[in-house]
There are 2 protein chains.
Amino acid sequence: MAGKVAERRAALRENLVLIAERTISKKGLSALRARDLAAEAGCAVGAIYNVFGDLTDLVLTVNARTFHRLGADVAEALADAPQDPVEQLVVMAQAYHRFAAENHLAWRALFDVERAPDEAAPDWYLKEMGRLFTYISDPLAVIFPGRAADEHALLTRALFSSVHGIVLLGLDQASSGVPTEDIDRMIALVLRQFVGAVK
Amino acid sequence: MAGKVAERRAALRENLVLIAERTISKKGLSALRARDLAAEAGCAVGAIYNVFGDLTDLVLTVNARTFHRLGADVAEALADAPQDPVEQLVVMAQAYHRFAAENHLAWRALFDVERAPDEAAPDWYLKEMGRLFTYISDPLAVIFPGRAADEHALLTRALFSSVHGIVLLGLDQASSGVPTEDIDRMIALVLRQFVGAVK
DNA sequence: ACCCTCAATTGAACGTAGTTCAGTGATAGG
DNA sequence: CCTATCACTGAACTACGTTCAATTGAGGGT
């Protein structure tokens with residue numbers, strides 16, 4: 001029976017990730033507790049630290065999955081979008097909004113993890129980010145042909161950041177009155193106005 | 001000697017706020033500790049709770065001051081700005097960026113405080129936010145006259161959120177390569193492009 | 001000047017986190 | 001079947017925010 005240990009470890013790891021994912025999605029990052037986690041997984045608290053270095057490692061694993069789902073949602077929206085590059089941008093941004101709204105706490109956890117100040121961003125983060133940037137970059141190249149590469153990169157980043165800001169502040173004060181439709185309207189307003197300026 | 005107690009309380013309060021402000025500015029919100037605070041202020045830990053309900057109350061007081069300084073900086077930039085409404089928007093947004101960069105940890109603390117889920121945003125927050133929105137709203141009314149009031153409000157909020165997003169993501173990864181000049185360029189790019197002044 | 005009352009102040013103690021590690025028990029190879 | 005090894009256990013440790021019984025000292029009455 002070779003690898004019975006590794007098997008159990010892998011199973012525990014998967015289990016912990018699923019439980020953490022559910023806890024974060026339902027009750028938020030701050031509700032994640034080592035003891036609760038162990039109790040739900042039916043293991044000792046110490047076992048968690050055999051699989052993950054610390055709870056932040058576990059959260060980062062959950063975040064990687066969340067980020068991947070986010071990327072897939074945006075990609076799906078893009079696949080179903082019309083050919084018009086402006087509409088593609090709008091559709092993707094609204095897909096981003098929809099994902100953030102429907103997975104609010106998990107989405108928040110993406111940014112609420114505190115990284116060590118000098119620690120580099122994880123690999124998967126940069127990779128998924130690059131993926132999202134490509135989705136934006138391509139339609140932009142159609143809309144604004146002949147821009148310098150560096151300006152094009154800045155434009156891409158700027159648009160992503162703008163949409164992110166609109167969603168972030170819109171959902172933050174969801175209780176104090178920014179309806180979902182208004183967030184979508186703001187996104188469309190900024191994107192259409194942005195590209196319409198040169199049309 | 002009437003009010004000697006109240007006097008000491010007020011002095012302690014001021015002292016605690018100043019110490020907390022310095023700690024947050026230098027080491028970040030997460031470095032704020034009740035025991036360190038008491039040691040620095042030369043009082044018992046319990047004394048903090050005679051003046052503030054809890055540490056979050058203290059942080060909110062610091063945040064109110066930070067937000068006020070931010071509003072003043074933006075107002076000053078607006079006062080020195082040219083008449084052109086587009087340039088006014090750019091100048092204000094870059095002032096927002098400069099404040100965030102120069103007071104990074106204090107600025108982050110504005111958003112990193114976790115509020116109770118159902119608790120309303122504090123009064124001073126809404127007031128300062130309204131102040132910032134007015135600064136943006138006025139030039140926008142000149143640039144886009146004759147828009148419906150609700151669309152105008154959405155536009156204002158959308159532009160603020162966009163600039164906030166650009167600054168937030170730009171400063172977050174400052175280590176992994178978004179120079180200050182690029183953030184300013186993105187701000188100018190979005191705002192100028194938005195209002196149709198193609199350069 | 002003295003004491004007495006009561007509220008402000010103290011800091012040890014409490015509850016709850018994340019994390020560790022010596023003891024225990026199961027595993028895989030001989 | 002035995003045993004060296006290593007993963008697992010959970011009590012213990014540290015570090016928080018917060019509380020509260022005990023203490024102190026201020027302000028008024030005599």
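All values reported here derive from a predicted model rather than from experimental measurement. Convention: sequence-line order gives letters A, B, ...; per-chain numbering from 1.
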Discussion item. Tell me the interatomic distance from Arg9(B), atom CZ, to dG25(D), atom P, rounded to whole angstroms.
Written reply: 18 Å
Worksheet entry | DNA chain D: 5'-proximal contact among Asn50(A) and Val45(A) (nearest heavy atom) | Asn50(A)
Worksheet entry | Separation of atom CD1 in Ile48(A) from atom C1' in dG10(D), rounded to whole Å | 12 Å
Worksheet item: Nearest-Å distance, CG (Asp54(B)) to P (dT18(D))?
Response: 5 Å
Fill in: Closest-nucleotide ordering on DNA chain C, the 5'-leading residue of Ala44(B) and Thr56(A)
Ala44(B)
Which side-chain N or O atoms in residues 177-188 of chain B pair as donor and acceptor under 3.5 Å with protein atoms at least two apart or in another chain?
| from | atom 1 | to | atom 2 | distance (Å) |
| --- | --- | --- | --- | --- |
| Asp184(B) | OD1 | His97(B) | ND1 | 2.8 |

Worksheet item: Of all heavy-atom pairs between Leu105(B) and Ile24(B), which one has the smallest distance, and what is that distance?
Response: CB-O, 3.2 Å
Worksheet item: Atom CG of Asp36(A) and atom P of dT16(C): how far apart are they, to the nearest Å?
Response: 11 Å
Worksheet entry | Whole-Å distance separating the CZ atom of Phe52(A) from the P atom of dC8(D) | 13 Å
Worksheet item: Rounded to the nearest 0.5 Å, how far apart are CG of Leu191(A) and CD of Gln88(A)?
Response: 12.5 Å
Discussion item. Taking salt bridge (charged side-chain N to carboxylate O under 4.0 Å, His left out) as the definition, give me every residue that meets it alongside Glu76(B), ordered by chain and number, with sequence neighbours left out.
Written reply: none
Worksheet item: Closest to the Tyr49(A) side chain: dG17(D), dT9(D), dT20(C)?
Response: dT20(C)
Where do N or O atoms of nucleotides 13-16 of chain D meet protein N or O atoms at under 3.5 Å, pair by pair?
| from | atom 1 | to | atom 2 | distance (Å) |
| --- | --- | --- | --- | --- |
| dC16(D) | OP1 | Arg33(B) | NH1 | 3.3 |
| dC16(D) | O5' | Arg33(B) | NE | 3.3 |

Discussion item. Assess whether a salt bridge exists between Arg115(A) and Asp172(B), defined as any Lys/Arg side-chain N lying under 4.0 Å from an Asp/Glu carboxylate O.
Written reply: yes
Discussion item. Can you classify the ring geometry of Phe160(A) versus His164(A) as parallel (below 30°), tilted (30 to 60°) or perpendicular (above 60°)?
Written reply: parallel
